Amino acid sequence: NGAKFDIAKYGAEVRNPRQIGDNCITFTLKCDGFSLYNMRLIEGKNGKRFITPPATKSNGSYYNQYAIYLSDSDEREIIDTIMKLMESGGNAGH
């Protein structure tokens, strides 16, 4: 998919990051007119961090509840924001 979600155009803000496992932080991506709940920042086995929407597990496989396509720079910006919020105690938005 060539189209990417534009976080600046939709005024995207990271809200309510919460550590829910050793390698997973959930958060809300609040935008003008809508919010994407339970987004996840995952740290993979190789140490690389990435953003993924919430998923459900069925028959041993995970299926995303929706898709969001971020540019590499927007994904890095969201990850950096989440990490800064977690270091400063969490719940504020940015």
Side-chain angles (χ1 to χ4, degrees):
N1 184 348
K4 302 289 184 197
F5 180 76
D6 185 335
I7 64 173
K9 178 180 177 182
Y10 292 99
E13 296 179 23
V14 172
R15 297 287 180 138
N16 304 320
R18 294 181 316 271
Q19 186 88 37
I20 63 165
D22 291 341
N23 66 345
C24 184
I25 297 171
T26 62
F27 66 97
T28 297
L29 191 61
K30 183 182 181 303
C31 304
D32 294 337
F34 63 96
S35 292
L36 301 174
Y37 294 107
N38 294 314
M39 294 286 295
R40 295 172 186 263
L41 167 57
I42 303 291
E43 185 172 332
K45 292 177 182 151
N46 61 1
K48 185 177 190 297
R49 293 182 175 131
F50 59 94
I51 301 292
T52 185
T56 56
K57 188 175 183 179
S58 178
N59 297 325
S61 296
Y62 288 94
Y63 298 94
N64 289 342
Q65 293 180 1
Y66 51 83
I68 181 169
Y69 303 100
L70 299 167
S71 69
D72 290 343
S73 61
D74 283 350
E75 184 172 28
R76 278 192 307 274
E77 183 177 335
I78 291 170
I79 291 169
D80 289 347
T81 299
I82 292 167
M83 299 314 294
K84 286 177 189 167
L85 289 171
M86 293 304 290
E87 289 170 8
S88 68
N91 257 340
H94 181 268

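All of these numbers come straight from a predicted model, not from anything done at the bench. In this chain, numbering begins with 1 at the start of the sequence shown.
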Linked, directly or transitively: I51 and M83 (ILVMFWY side chains, under 4.5 Å): yes

So the side-chain hydrogen bond (donor to acceptor under 3.5 Å, both in side chains) pairs with at least one residue in residues 44-64 (sequence neighbours excluded) are none

Looking only at heavy atoms, the pair that brings S35 and K30 closest together is OG-CG, 3.6 Å

Original post:
Are F27 and F50 in one and the same hydrophobic cluster, where Ile, Leu, Val, Met, Phe, Trp and Tyr link if side-chain heavy atoms are under 4.5 Å apart?
Top reply: no

| task | Test side chain to side chain contact (heavy atoms under 4.5 Å, CB included) on D32 and E13 and set out the steps. | result | CA-CA 9 Å; D32 294 337; E13 296 179 23; over 6 Å; no

How are the rings of F34 and F5 set to each other: parallel, tilted or perpendicular (split at 30° and 60°)?
perpendicular

CD1 of I20 to CG of L41, rounded to nearest 0.5 Å, is 10.5 Å

In this structure, OG1 of T81 is separated from CZ of R15 (nearest 0.5 Å) by 12.0 Å

Does Y37 belong to the same Ile/Leu/Val/Met/Phe/Trp/Tyr cluster as M86, with side-chain heavy atoms less than 4.5 Å apart forming each link?
-> no

*State, with a plain yes or no, whether a side-chain heavy atom of R40 is found less than 4.5 Å away from one of P53.*
no

So CD1 of I25 and CD1 of I82: to nearest 0.5 Å the spacing works out to 6.5 Å

Here the gap from C31 atom SG to D6 atom CG, rounded to the nearest 0.5 Å, amounts to 10.0 Å

Rounded to the nearest 0.5 angstrom, the CG-CD distance for D80 and E75 is 10.5 Å

- Same hydrophobic cluster for L29 and I42, using side-chain heavy-atom links shorter than 4.5 Å among ILVMFWY? no

*Under a 4.5 Å cut-off applied to non-hydrogen side-chain atoms, are I68 and M39 in contact?*
yes

